Amino acid sequence: MGRLDGKKAFITGGAQGLGRCFAEMFAAEGASVAITDVQGDAVQNTAEEINQKHPGKAFAFTHDVTSKEEWETSLAGAADAMGGISVLVNNAGIGGALANIETETWEMYRKVMDIDLDAIFVGTQLAMPYLKDNQPGSIINISSIAGVRADGNFLSYNVAKAGVRMISKSIALHCARAGYQITCNSIHPVFTRTAIIEPMTLMTGSQEDGEAKLARQIPMKRIGEPSDIGYMAIYLASDESKFITGGEFMADGGMTAR
Ligand SMILES: NC(=O)c1ccc[n+]([C@@H]2O[C@H](COP(=O)([O-])OP(=O)(O)OC[C@H]3O[C@@H](n4cnc5c(N)ncnc54)[C@H](O)[C@@H]3O)[C@@H](O)[C@H]2O)c1
């Protein structure tokens, strides 16, 4: 028995990094996974690799989360392929530029909002009918410690990820009041070994030095591995967390405890 047997998960930004790890770990626990990403070839490869280990479990869709039309077609395609959608993981995201209130451009600010925050509104609204038809359901939004701790140089990312924290709580309360068995929670990772932290790690010269510098800021003295976040996502996708909603889950080696 897998912890996610019978679950049908729609995971955005799943070609690489955390989304790919969620898809692999969910499939290993028995879920079907619809993996979507703006990188069409890469997401196709990811699904094929998962299917080599877990035949018939993974389906790939080329999907830009800023496009309402692409949400509509990939949700319909995923529901068709999996026989419904019971878990939505809003994971796709970009880091944007390292910029402050004096240096950030309006164009970059809008881009980060579009991908990291507004897409969650658009996509979750469109996914609700599928989730309602496949209860119990779970919505998992990937925020960041940047959603609860500010930095002068992370202006747009801070604002977007703080919005992800609050949209998750609002969705959770709506679902609870409406009597839906659909939970909604946010996960807040600290620096975790994926492509998104490369602009930060490479600032110091080598990736190794950069990761060591980031690790020194974290009480547990290491950066996260994708599976550290994946285990949290499995829990929130499973029926084990059916009473857990509106929560914000730090996966951060103690970073936000002080
Ligand atoms: N790795 C970290 O340190 C860290 C920490 C906190 C939060 N996060 C969050 O985790 C999530 C996953 O990031 P990651 O670390 O795996 O980075 P990543 O860059 O490896 O993966 C992000 C994925 O999102 C996809 N994507 C980007 N724009 C898209 C769009 N418009 N439509 C569809 N897909 C799009 C990319 O193609 C990529 O596959 C992001 O929301 C990120 O903000 C990451």
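Here, residue 1 is the first one in the sequence, and each next residue gets the next number. Whatever order the structure lists ligands and atoms in, that order sets their numbers, starting from 1. Model, not experiment: these values are computed from the prediction.
Closest protein heavy atom to atom 11 (C) of ligand 1: Asn91 O, 3.1 Å. Scanning the protein for heavy atoms near atom 22 (C) of ligand 1, the closest one is Gly93 O, 3.7 Å. Considering only non-hydrogen protein atoms, atom 13 (O) of ligand 1 sits nearest to Ile196 CD1, 4.0 Å. The protein non-hydrogen atom at the shortest distance from atom 5 (C) of ligand 1 is Val190 O, 3.4 Å. If you check which protein heavy atom lies closest to atom 19 (O) of ligand 1, you get Gln16 NE2, 3.4 Å. In this structure, the protein non-hydrogen atom closest to atom 25 (C) of ligand 1 is Asp37 OD2, 3.5 Å. Nearest protein heavy-atom neighbour of atom 29 (C) of ligand 1: Val38 CG1, 3.8 Å. Nearest to atom 32 (N) of ligand 1 among the protein's heavy atoms is Val65 N, 2.9 Å.
Using a distance-only test at 3.5 Å, with no hydrogens or angles considered, a donor-acceptor pair links the side chain of Asn91 to the main chain of Gly13.
At a cut-off of 3.5 Å, with distance as the only test, no side-chain donor of Thr66 or Asp118 sits close to an acceptor on the other residue. With hydrogens and angles left out, the side-chain atoms of Gln52 and Glu48 include no donor and acceptor closer than 3.5 Å. Under 3.5 Å, the side chains of Gln207 and Thr201 contain no donor-acceptor pair of N or O atoms. Side-chain contact annotation: Arg3 with Ser238, donor-acceptor N/O pair under 3.5 Å absent.
Of all the atoms in ligand 1, the ones that sit under 4.0 Å from a non-hydrogen atom of Phe191 are 3 (O). Using a 4.0 Å cut-off to heavy atoms of His63, the atoms of ligand 1 that qualify are 32 (N), 33 (C). Residue-ligand proximity, Ala195 to ligand 1, at heavy-atom distances under 4.0 Å covers atoms 20 (O). Remark: ligand 1 atoms within the under-4.0 Å shell around heavy atoms of Gln39 are 36 (C), 37 (O), 38 (C), 39 (O).
In terms of N/O distances under 3.5 Å, ligand 1 is not approached by Asp116. Residue Ser144 has no N or O atom closer than 3.5 Å to an N or O atom of ligand 1. Polar contact check, Ile145 against ligand 1: no nitrogen or oxygen pair lies under 3.5 Å apart. Of the N or O atoms in Leu18, one or more lie within a sub-3.5 Å distance of an N or O in ligand 1. Between Asp64 and ligand 1, at least one N/O pair is under 3.5 Å apart.
By the salt bridge (Lys or Arg N to Asp or Glu O under 4.0 Å) test, Lys161 pairs with no residue at all, sequence neighbours left out.
Closest approach of Asn134 and Tyr130 over heavy atoms only: ND2-O, 2.8 Å. Counting all heavy atoms, side chain and backbone alike, Glu211 lies closest to Arg193 at OE1-NH2, 2.6 Å. Here the shortest heavy-atom pairing between Arg165 and Gly147 reads CD-O, 4.1 Å.
Looking at Ser143 against ligand 1, only its backbone comes within 4.0 Å, counting heavy atoms. Within the 4.0 Å heavy-atom criterion, neither part of Ile223 lies near ligand 1.
Nearest to atom 28 (N) of ligand 1 by heavy atom, out of Leu214, Asn141, Ile115, is Ile115. Among Thr194, Ile142, Val112, the residue whose heavy atom lies closest to atom 14 (P) of ligand 1 is Thr194. Across the listed options Trp71, Phe22, Phe61, Tyr157, Tyr157 owns the non-hydrogen atom lying nearest to atom 42 (C) of ligand 1.
A salt bridge links Arg110 with Asp114; the closest basic N to acidic carboxylate O contact falls under 4.0 Å.
You'll find the ring centres of Trp71 and Phe10 inside the 6.0 Å limit.
Linking Ile, Leu, Val, Met, Phe, Trp and Tyr whenever their side-chain heavy atoms come within less than 4.5 Å leaves Tyr157 and Ile167 in two separate clusters.
Shown here is Asp41, whose CG atom has no more than 12 heavy atoms of other residues, nucleotides or ligands within 6.0 Å.
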